[in-house]
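Following: one structure in structure tokens, then a few remarks.
Chain letters run A, B, ... following the sequence lines, proteins first, then strands; residues in each count from 1. The figures that follow rest on heavy atoms only: side chains count, while hydrogens, waters and symmetry mates do not. Computed from a predicted model, the values in this text were never measured in an experiment.
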Amino acid sequence: MSNNDANNAATQPTNFIHQIIEQDLEQGLEKVVTRFPPEPNGYLHIGHAKSICLNFGTAEKYNGECNLRFDDTNPSKEDQEYVDAIKEDVRWLGFNWAGEVRYASSYFDTFYSWAQHLIREGNAYVCDLSAEQASEYRGWATKPGKDSPYRERSAEDNLDLLERMKTGEFDEGSKVLRAKIDMASPNMNLRDPILYRIRKESHHQTGDKWCIYPNYDFAHGQEDAIEGVTHSVCTLEFADHRPLYEWFIEHLPVPSKPRQYEFGRLNINYTVTSKRKLKQLVDEGHVSGWNDPRMPTISGMRRRGYSARAVRNFCDSLAVAKTDGIVDMAQFEFFIREDLNDNAARAMSVLNPLKLIITNFPEGEVERLTAPVHPQKDMGTRELPFTRELYMDRGDYNEDSTLSRKKFKKLVPGDFMRLRSAYVIKATGVVKDDSGEITEVHAELIPGTVGENPPEGMKPRGVMHWVSATEGKQATVRVYDRLFNVEAPDKGEGNFLDNINPDSFTEMTNCWVEPGLVNAAPETTFQFEREGYFVADRFEHSAQTPVFNKTIGLRDTWKK
RNA sequence: UGGGGUAUCGCCAAGCGGUAAGGCAACGGGUUUUGAUCUCGUCAUGCGCAGGUUCAAAUCCUGCUACCCCAGCCA
């Protein structure tokens, strides 16, 4: 772990889960075991990152262990692709799970024998009610449910029926195994919850071995118990399930007694964190895939250029509490910029090129200037070829020379400007095409101003970036903006898709970068000075076809 | 109108009976060859509301109110 992480860990707010753990430790608990238990039915997103940092971070903090366990109890929604992606994402975030990856499906035999155990104890029964009937029998929040007519089947019959469900003798939906608890419980989860349902589907891990699959409630606590998990941390919506979680732990011969604790899931404005919605964005082509740089998925953030450290720092800054708030995207962006400012190499790139001719610099000549890779940290230097023909950004020139020096720190006719890491120049004129558009800006350099202040009276208005038109390289730059243009895209009446920002993606193919950049390895991050942070695309960048993604702009306090 | 949660600055929050931490954002000043960074400063007589207990309450009690979650053979 870097110093940065260590420092943050030291200032980390103590949360209620850590408080509980510390009490448990004082009372003799020997080892803390946590787990991150995703279902492989989609890619991980920033909300999962918080859970990952909490679970793995907690284990790390107390010298315990954290398992990565796939809660793969529903083959109809799951896929090996997701299993692979999730493993990659957890590793990329910088965490190592204890031992091998675990799968709920590898405990299916045990679950089955435990179901038989419940039946023998008179605590479970096979129910033939249809889904609709079962729903009716379940009652309403304020209305108690009524017992299923199949509730009093004999243990022998139940055992036999369950076995036949398992071997595929019955149709999907025709039978389920239910726990016999209390149809009048004010907690709906306790109204004889379903333990097994028939699903004649091939499972990504167990193939066609099973025709029945356990429900979440009949799996999760037992998985924790089998793995010796001490603190099973989940999100708030599972609080109502805790009594059921405990019921199974009490009624089954489990090897350990884990406890469940709930915390508030992470919400961020201007985005959605629901696997269902993210999948919809992918399936319907609103984004290019799960790793589209606009996606709040871990793989999307990675491709966008966010570092794992920035994501971790952000997650660690988050409170682990029971409030369900919506964190401001600006808070996340702070950590992204903080990390990139510290670690990204500086470079220059002209996004909207406008020719800048240095009229007093000889044609064909190349002056090799050097510039630091980072303005504060010692990260070495880089070579910057300076030539007669350069590119500057169109936005850095304005014909109105009456603009105040205080307010407009860019090039205007007759005034001086510093070329970053190079000369101070004076704008002397422009060339326009027939339509009146400026095609060239002409300027002359002030000799001796590289690394030196200009003579009296030539104080530059400001500093601007540039790239040699003859030595620089052409590149594609992809600019991303927020995917949704409202704070809470999934709240309110309409479809969340209606809130998609139509301008969230812009591709600029005529950008110019300093020559060294095309050789950058994919995923190398840069600060293009005065523009923002960019990353060489993980999949499409190459020396022949340089592609950079805009990660995030520089903080901009310029009041227009 | 059943059950389970939660309410402290624009946002996220600490606080666990002794007189409102911190971060983000915002707003001012300084430094600067990135309008970046860095740096200095400002930002809750107030803790959902109303009562009560106490020398002392965001913290305890009572009663309200608001919001979130639960009626999948999803997790």
Pi stacking test for Trp558(A) and G35(B): under 5.5 Å apart, planes under 30°: yes

Touch class at under 4.0 angstrom, heavy-atom based, for Gln376(A) against every strand present: base

Sugar-phosphate, base or nothing in reach of Gln527(A), heavy atoms under 4.0 Å: base

Touch class at under 4.0 angstrom, heavy-atom based, for Ser130(A) against every strand present: base

His241(A), nearest nucleotide to its side chain (from C73(B), U34(B), A75(B)): A75(B)

Nucleotide opposite C16(B) in a Watson-Crick or G-U pair, distances under 3.5 Å: none

Return the polar atom pairs (N/O with N/O) between nucleotides 66-69 of chain B and the protein under 3.5 Å, or none.
residue: C68(B); atom: O2'; partner: Asp324(A); partner atom: OD2; Å: 3.1

Note, Ser76(A) side chain near Tyr213(A) side chain (heavy atom, < 4.5 Å): no

Cationic N near anionic O, under 4.0 Å, Glu237(A) to Arg265(A): yes

Who pairs with G72(B) - Watson-Crick or G-U, where each distance is under 3.5 Å: none

Sugar-phosphate, base or nothing in reach of Ile326(A), heavy atoms under 4.0 Å: sugar-phosphate

Sugar-phosphate, base or nothing in reach of Asn215(A), heavy atoms under 4.0 Å: sugar-phosphate

Distance, P atom - from A56(B) to A20(B), rounded to whole angstrom: 16 Å

Partner nucleotide, any strand, of U42(B) [Watson-Crick/G-U, under 3.5 Å]: A26(B)

Touch class at under 4.0 angstrom, heavy-atom based, for Gly173(A) against every strand present: base

Detail all sub-3.5 Å separations between protein N/O atoms and N/O atoms belonging to nucleotides 25-28 of chain B.
none

Atom C1', compared across C16(B) and G72(B): separation rounded to whole Å: 40 Å

Glu78(A)/Asn41(A) under side-chain hydrogen bond (donor to acceptor under 3.5 Å, both in side chains): CA gap, chis, key distance, verdict: CA-CA 4 Å; Glu78(A) 299 161 8; Asn41(A) 64 347; over 6 Å; no

Pairing partner (Watson-Crick or G-U wobble, both distances under 3.5 angstrom) of G35(B): none

Closest nucleotide among A75(B), C70(B), U1(B) to the Tyr216(A) side chain: A75(B)

Side chain of Thr142(A) (C-beta onward), nearest among G3(B), U1(B), C74(B): U1(B)

Touch class at under 4.0 angstrom, heavy-atom based, for Glu487(A) against every strand present: nothing

Phe16(A) and Phe263(A) aromatic centres sub-6.0 Å: no

Nucleotide nearest Lys322(A) when distance is taken to its side chain, options U6(B), C73(B), C12(B): U6(B)

Pairwise 5' ranking along RNA chain B for Arg242(A) and Glu78(A), keeping only the more 5' one: Arg242(A)

Pairwise P distance, C24(B) and C67(B) [rounded to whole Å]: 32 Å

Tyr533(A) six-ring centre to Lys550(A) NZ/CZ under 6.0 Å and within 45° of normal: no

Sugar-phosphate, base or nothing in reach of Lys410(A), heavy atoms under 4.0 Å: base

Sugar-phosphate, base or nothing in reach of Leu129(A), heavy atoms under 4.0 Å: base

First of Arg138(A) and Lys407(A) reached from the 5' end of RNA chain B, by closest nucleotide: Lys407(A)

Sugar-phosphate only, base, or nothing, as touched by Lys406(A) at under 4.0 Å among non-hydrogen atoms: base

Arg482(A) NZ/CZ over Tyr270(A) ring centroid, <6.0 Å and within 45° of normal: yes

Residue pair Tyr103(A) / Glu223(A), side-chain donor-acceptor N/O under 3.5 Å: no

Chi angles and distances behind the side-chain hydrogen bond (donor to acceptor under 3.5 Å, both in side chains) call for Tyr245(A), Gln260(A): CA-CA 8 Å; Tyr245(A) 182 103; Gln260(A) 172 182 303; 5.6 Å; no

Distance between C1' atoms of C38(B) and U54(B) (Å, rounded): 49 Å

Value rounded to 0.5 Å, distance of CZ in Arg461(A) from CG in Leu403(A): 6.5 Å

Check: Leu244(A) main-chain N/O paired with His241(A) side-chain donor or acceptor under 3.5 Å: no

Sugar-phosphate only, base, or nothing, as touched by Gly451(A) at under 4.0 Å among non-hydrogen atoms: base

Polar side-chain contact Arg418(A)-U33(B) base: donor and acceptor under 3.5 Å: yes

Euclidean distance for C1', G3(B) against G10(B) (whole angstrom): 34 Å

Pair partner, U59(B) [Watson-Crick or wobble, under 3.5 Å]: none

Sugar-phosphate, base or nothing in reach of Thr323(A), heavy atoms under 4.0 Å: sugar-phosphate

U65(B) to A75(B) separation - P atoms, rounded to the nearest Å: 37 Å

Ionic contact status for Lys180(A) with Asp192(A), cut-off 4.0 Å: no

Whole-angstrom distance between U1(B) and C68(B), as gauged at atom P: 14 Å

Touch class at under 4.0 angstrom, heavy-atom based, for Ala422(A) against every strand present: base

Test: Glu262(A) and Arg242(A) ion pair at under 4.0 Å: yes

Sugar-phosphate only, base, or nothing, as touched by Thr73(A) at under 4.0 Å among non-hydrogen atoms: sugar-phosphate

Listed nucleotide nearest any side-chain atom of Arg346(A), set A36(B), A75(B), A13(B): A36(B)

Complementary nucleotide of U6(B), counting Watson-Crick and G-U pairs under 3.5 Å: A66(B)

Interatomic distance at C1', C73(B) relative to A14(B), whole Å: 44 Å

Heavy-atom side-chain contact between Phe408(A) and Asn398(A) under 4.5 Å: yes

